[in-house]
Amino acid sequence: MPLTWEDEGCEPFIEPQVGGTIPMRSSCHVLDRVEVIFDDDRAVADGGLLLPMMLAQHLGFRELVEDHVALGDAPGRANVGLKAIALVASLLIDGDSIDDADALRAGECGAVLGQWIPAPSTLGTYLRSFSWGHSRQLDAVSRQLLTNAFAAGAGPGAEPFTLDVDSTICETYGLAKQGGSKFTYTKVRGYHPLVAVMAGTADVIHARLRGGNAFSGRGAAGFLGETFSRLRAAGARGPITVRADSGFYNHKVVDACRKADARYSVTVRLTKALHKVIAAIPDDEWTPIPYFLDGADVAETTYRPFGKKGQPCRLIVRRVRPSPGTQLALFVEFSYHAFITDRAGDTLVLEADHRRHAEIENAIRDLKYGVGLNHMPSGRFGANAAWLAFNVIAHNLMRWLTRIALGEKLLSTGTIRRRFLRVPGHLTRRSRGTQLHLARRWPWREAFLGAITHIHRIEVCRT
């Protein structure tokens with residue numbers, strides 16, 4: 001005979017009348033009867049970590065770190081590969097500080113990673129052992145990891161692709177951050193790293209930490225040269241287009257693109273001289289375009305940037321009428337946005353494509369809030385440069401997992417974590433091996449198992 005509410009010792013729920021109020025007392029205190037015991041040594045909180053860790057293993061991540069990173073006589077010099085895997089795994093499960101890595105030591109999570117898990121204090125010592133030069137060794141690791149991933153099917157091959165370049169502010173607080181205690185151009189203290197992202201996939205091809213007082217374009221030409229070299233070495237053979245905002249408007253950036261035989265599309269700074277060039281465009285050459293504001297038009301002219309020695313190129317301009325009633329409408333008839341380019345093609349198509357440069361902000365947001373770049377954990381510049389490198393590796397593992405294993409084009413880190421990483425599990429060991437038991441009726445079970453099959457097909461990379 002089925003139990004009733006009264007048999008369970010609960011008060012029946014009283015349906016409120018129309019216009020009445022809901023009773024304040026609870027219908028039943030079932031959750032109060034749940035007893036919580038932390039005693040399962042074989043539980044795995046994030047069983048889905050198996051997927052990115054398997055992919056990292058097949059791409060040879062640990063071996064690459066051990067081959068390229070040498071910390072000299074620093075205290076954290078031992079087991080550099082194991083510690084790198086622990087840091088990346090912590091970032092993958094949303095750990096934005098060194099202490100968050102302690103969650104990996106619970107239950108049998110180490111078995112999912114295939115190794116022992118260092119204590120957070122050990123990882124902190126390891127991270128602080130990096131100087132600026134040592135962090136550049138991690139650049140060599142990420143470069144080869146990119147090559148291995150592209151060889152496994154994540155690369156563009158001979159297809160044309162677009163590279164978005166930008167900088168971002170990683171805000172810090174206080175004066176104890178080496179290189180990050182000075183004010184940035186946004187009037188906050190922090191670091192100002194450079195980031196190069198492949199459009200459409202959100203792969204971070206290259207990143208470099210800089211002090212907060214660096215202006216946007218500082219070191220951009222050399223950074224671009226390294227980025228082009230990474231792409232070609234990884235097997236990307238197609239034509240390259242570089243998109244950038246006005247912070248990168250200088251002749252060195254354009255010369256770096258020409259040297260690498262890459263096309264460029266760079267926003268210009270609106271000087272008085274440039275306003276005169278725009279004002280000379282005849283009214284009948286402006287073409288209306290669909291835009292989120294009414295009264296937007298596009299036109300094109302020829303322009304010689306960077307003085308008389310600069311090479312003539314296309315200047316494409318978008319003008320927009322200010323919204324009625326705004327302060328801007330009191331002073332100007334149009335606001336303008338212009339960029340230079342050496343690309344061939346229809347003016348309206350190129351203008352619309354240049355606007356898509358804004359998509360890099362999604363990748364930067366994923367770096368900051370999908371992994372842990374929003375928090376720089378150390379007071380040492382070299383340690384934070386290494387932290388940036390590990391964040392880039394963790395971010396890219398998610399991108400490659402999406403395309404290589406899950407068959408999707410682009411999923412955010414938060415979506416992957418929610419669907420595939422945060423799967424509670426239980427580990428058992430038998431004579432034939434280890435079994436990871438995951439939650440029954442998990443909505444993305446088939447995609448998870450299919451991802452394992454796809455990863456198994458990747459030939460393990462050996463350095």
Side-chain angles (χ1 to χ4, degrees), residues 91 138-139 141-143 145-147 149-150 154-157 159-170 191-210 216-217 219-236 238-249 253 256-257 260 262-267 339 353-374 385 387-404 408-416:
L91 291 167
L138 287 176
D139 284 346
V141 172
S142 62
R143 177 189 179 108
L145 204 60
L146 182 74
T147 300
F150 278 16
E159 294 296 319
F161 60 93
T162 299
L163 188 70
D164 285 313
V165 182
D166 207 347
S167 62
T168 186
I169 300 299
C170 297
Y191 293 98
H192 193 189
L194 288 169
V195 183
V197 176
M198 183 175 288
T201 67
D203 289 10
V204 177
I205 306 302
H206 198 12
R208 180 186 295 171
L209 191 66
R210 303 181 303 175
S216 295
F223 176 77
L224 269 176
E226 289 185 15
T227 305
F228 294 143
S229 176
R230 281 169 167 253
L231 286 165
R232 295 311 188 197
I240 303 175
T241 298
V242 176
R243 295 187 301 209
D245 61 26
S246 60
F248 299 86
Y249 177 67
V253 168
C257 293
R263 307 281 75 79
Y264 60 85
S265 182
V266 182
T267 303
F339 65 94
D353 182 74
H354 185 77
R355 270 185 275 147
R356 284 191 284 271
H357 169 67
E359 293 175 1
I360 191 175
E361 299 300 336
N362 292 330
I364 292 173
R365 180 194 60 193
D366 224 30
L367 272 172
K368 288 184 175 181
Y369 306 108
V371 281
L373 192 59
N374 198 46
W387 181 256
L388 169 62
F390 286 126
N391 273 269
V392 167
I393 290 170
H395 171 88
N396 283 343
L397 279 174
M398 290 296 217
R399 307 287 76 73
W400 301 331
L401 181 69
T402 301
R403 301 200 302 280
I404 297 174
E408 300 279 355
K409 183 177 180 181
L410 183 61
L411 293 175
S412 71
T413 297
T415 298
I416 301 172

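Values below: every heavy atom of this structure, side chains too, minus hydrogens, waters and symmetry copies. Please read these numbers as outputs of a predicted model, since none were measured by experiment.
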Report task. Identify the two heavy atoms, one from Pro156 and one from Phe161, that lie closest to each other, and give their separation to 0.1 Å. Result -> CG-CD2, 3.8 Å

Can you tell me how far [atom2] of [Y] sits from [atom1] of [X], rounded to the nearest 0.5 angstrom?
| X | Y | atom1 | atom2 | answer |
| --- | --- | --- | --- | --- |
| Ser216 | Leu194 | OG | CG | 8.5 Å |
| Ile205 | Glu226 | CD1 | CD | 13.5 Å |
| Trp387 | Leu373 | CH2 | CG | 9.5 Å |
| Asp164 | Met198 | CG | CE | 10.5 Å |
| Tyr264 | Tyr249 | OH | OH | 9.5 Å |
| Arg143 | Thr227 | CZ | OG1 | 10.0 Å |

Query - Qualifying residue, where the test is side chain to side chain contact (heavy atoms under 4.5 Å, CB included) with Leu388 and the options are Leu367, Leu209, Val195 - result: Leu209

Report task. From the options Thr241, Leu224, Ile240, select the one residue that forms a side chain to side chain contact (heavy atoms under 4.5 Å, CB included) with Cys257. Result -> Leu224

**Report entry** Check against salt bridge (Lys or Arg N to Asp or Glu O under 4.0 Å), Asp139 and Arg208
**Finding:** CA-CA 9 Å; Asp139 284 346; Arg208 180 186 295 171; 5.9 Å; no

Query raised in the report: Any side-chain heavy atom of Asn391 sitting closer than 4.5 Å to one from His395?
Result: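 No; the side chains remain at least 4.5 Å from each other.
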
Requested in this report: May I ask you to check whether His357 and Thr162 show a side-chain donor-acceptor distance below 3.5 Å?
Outcome: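 Checked: His357/Thr162 side chains show no N/O donor-acceptor pair below 3.5 Å.
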
Query raised in the report: For residues Ser412 and Arg365, is any side-chain donor paired with an opposing acceptor at under 3.5 Å?
Result: no

Query - Main-chain N/O of Asp203 paired to Arg399 side chain as donor or acceptor, under 3.5 Å - result: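 Answer holds: no.
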
Query raised in the report: Just by distance, do the side chain of Arg243 and the backbone of His354 share a donor-acceptor pair under 3.5 Å?
Result: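 It does not hold such a pair.
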
